[in-house]
Protein chains: 2
Amino acid sequence: MTAPSKLDDLYCRPGFLFKRCHQVAAAIFIEECREFNVTSSQFSALYVLHTHPGVDQIALGRLTGLDRSTVGLVIRLLEERKLLERWPNPHDKRRMQLKLSAAGERLLEEVTPAAERARQRVLAILPPSQRDELMQLLVNLLERHGAVIDAEAILEGKHRPGRFDFSEAKPARPARRRGA
Amino acid sequence: MTAPSKLDDLYCRPGFLFKRCHQVAAAIFIEECREFNVTSSQFSALYVLHTHPGVDQIALGRLTGLDRSTVGLVIRLLEERKLLERWPNPHDKRRMQLKLSAAGERLLEEVTPAAERARQRVLAILPPSQRDELMQLLVNLLERHGAVIDAEAILEGKHRPGRFDFSEAKPARPARRRGA
DNA sequence: AACTTTTCGTCAGACGTATGTCAATTATGC
DNA sequence: GCATAATTGACATACGTCTGACGAAAAGTT
């Protein structure tokens, strides 16, 4: 039907399609959640902190697929809105433990139906069989790339950083040699 | 096998999966193209300008799925590296026409094999049948959401802005009322 | 115990992405 | 023709995302 474009090679790239699909999903999410002023990253953080209160920022990053800096930004914004509380871990003063405030719990409850509507709007446009198929293929791709988030391992401290962990500093400092 | 996590509801959200898959694809792209210092947005811009020299920034934005501000940033960076040329359209002084420089064309040629390797690495991990299936499902989702980029319409000026066009200012200025 | 390495969170910088505003320019309606 | 509206690209702002560097603190080594 549509004439083949010179740009089809670009538009069929997986990265391009992922980005475009994410644009669509993000736009719908923002639309549904506009009244609550919550982005999808913030929603993820609220959700994780609801189910796992007391985690620190690094763990939150691993659980949400965000790096340390992004987590720092996201939780700063949430903290400024008094949606969560932070306090240093008494056993390790580097760690800041996180927990939703009452207002945070309340907001999450209010946002959840809107987020669910967004989810539906993104997928409902596909025939039911294709919905599961698409989600399954995406999970499958992530699995084979070792990019599935293993919440158990992270929370048990058995986490082994993979290729797509952005939470930690990569090769550390070059470790200035003493010998030479 | 893996114990069901309390977070599966989060990890199965389409937006979350799109974002995570995009993270994977973007990381692989950056890795393969590191020596050229080219991001995927920049690659898209180079590619479009190669096949359609002379377009202006708005059209480039529509063709790449970027809004005006992002296009402005991307082309500024490319221009600073002398990879493209800009000159005002003589018939419409608002428009800046864009074209790759010789260096830009050369860089695109050099980057293309690396970008192709990245594409392969993202998809090759899936069995062949699943690759097409996944790509097809993504395109299908975009089509049904009216988010497929119609290069012909854009270039012919027959473009009708859809829900997922970020290139233009939305409802324009509120048009200050004269009456009241 | 002293030194080194690693880890946590912050900051600065870069790029990506979208909104909103603005000046200049063009198109349109009367 | 002239006032109004729409378009283009600039800019400012905001948020997201990652890298690299850093200080503080903890863990590991010798």
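So that the names make sense, note that chain A is the first sequence line, chain B the second, and so on, each numbered from 1. Predicted model only: the values in this text are computed from it and were never measured.
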Do [X] and [N] have a side chain to base donor-acceptor pair shorter than 3.5 Å?
{"X": "B/Ser41", "N": "C/dT17", "value": "no"}
{"X": "B/Arg94", "N": "D/dG9", "value": "no"}
{"X": "A/Ser69", "N": "C/dC11", "value": "yes"}

Does any part of the side chain of [Y], heavy atoms only, come nearer than 4.5 Å to the side chain of [X], both counted from C-beta?
{"X": "A/Ile30", "Y": "A/Arg34", "answer": "yes"}
{"X": "A/Leu7", "Y": "B/His52", "answer": "yes"}
{"X": "B/Phe43", "Y": "B/Cys33", "answer": "no"}

Per atom distances to the B/Thr39 side chain, the nearest of C/dG9, D/dG16, C/dC15 is C/dC15
Go through C/dC15, D/dG9, D/dG16 for me and flag the one nearest to the B/Leu77 side chain.
C/dC15
Nearest whole angstrom, please: distance from the [atom2] of [N] to the [atom1] of [X].
{"X": "A/Lys19", "N": "D/dT17", "atom1": "NZ", "atom2": "C1'", "answer": "13 Å"}
{"X": "A/Leu73", "N": "C/dA12", "atom1": "CG", "atom2": "P", "answer": "13 Å"}
{"X": "A/Asp67", "N": "D/dT19", "atom1": "CG", "atom2": "P", "answer": "7 Å"}
{"X": "B/Arg76", "N": "D/dA10", "atom1": "CZ", "atom2": "P", "answer": "10 Å"}
{"X": "A/Ile58", "N": "C/dT6", "atom1": "CD1", "atom2": "P", "answer": "16 Å"}
{"X": "A/Trp87", "N": "C/dG9", "atom1": "CH2", "atom2": "P", "answer": "12 Å"}
{"X": "A/Ile30", "N": "C/dT19", "atom1": "CD1", "atom2": "C1'", "answer": "11 Å"}
{"X": "B/Leu78", "N": "C/dC15", "atom1": "CG", "atom2": "P", "answer": "10 Å"}

Is it the case that the side chains of B/Gln57 and B/Arg86 hold a donor-acceptor pair, with the cut-off being a distance below 3.5 Å and no angle test?
yes
Please determine if a side-chain N or O atom of [X] lies less than 4.0 Å away from the OP1 or OP2 oxygen of [N].
{"X": "B/Lys93", "N": "D/dG9", "answer": "no"}
{"X": "B/Gln23", "N": "D/dC18", "answer": "yes"}
{"X": "A/Arg62", "N": "C/dT7", "answer": "no"}
{"X": "B/Arg68", "N": "D/dA12", "answer": "no"}
{"X": "B/Gln57", "N": "D/dT7", "answer": "no"}

Closest-nucleotide 5' rank along DNA chain D - winner of B/Arg34 and B/Asp92:
B/Asp92
Test side-chain hydrogen bond (donor to acceptor under 3.5 Å, both in side chains) on A/Arg20 and A/Gln23; report intermediate values, then the result.
CA-CA 5 Å; A/Arg20 192 84 180 125; A/Gln23 273 181 325; 2.7 Å; yes
According to the side-chain hydrogen bond (donor to acceptor under 3.5 Å, both in side chains) rule, which pairs have a member within residues 132-144 of chain B, sequence neighbours left out?
B/Asn140-B/Arg144
Taking the six-membered ring for Trp, are A/Phe18 and B/Phe18 closer than 6.0 Å centroid to centroid?
no
Note: contacts of residues 45-56 of chain A with DNA chain C (heavy atom, under 4.0 Å) are A/Asp56
Closest nucleotide of DNA chain C for B/Thr70 versus for B/His91: which of these residues is on the 5' side?
B/Thr70
Which side-chain N or O atoms in residues 98-105 of chain B pair as donor and acceptor under 3.5 Å with protein atoms at least two apart or in another chain?
{"unit_1": "B/Ser101", "atom_1": "OG", "unit_2": "B/Lys82", "atom_2": "O", "d": "2.8"}
{"unit_1": "B/Ser101", "atom_1": "OG", "unit_2": "B/Leu83", "atom_2": "O", "d": "3.2"}
{"unit_1": "B/Ser101", "atom_1": "OG", "unit_2": "B/Ala103", "atom_2": "N", "d": "3.3"}
{"unit_1": "B/Ser101", "atom_1": "OG", "unit_2": "B/Gly104", "atom_2": "N", "d": "3.1"}
{"unit_1": "B/Glu105", "atom_1": "OE1", "unit_2": "B/His50", "atom_2": "ND1", "d": "2.7"}

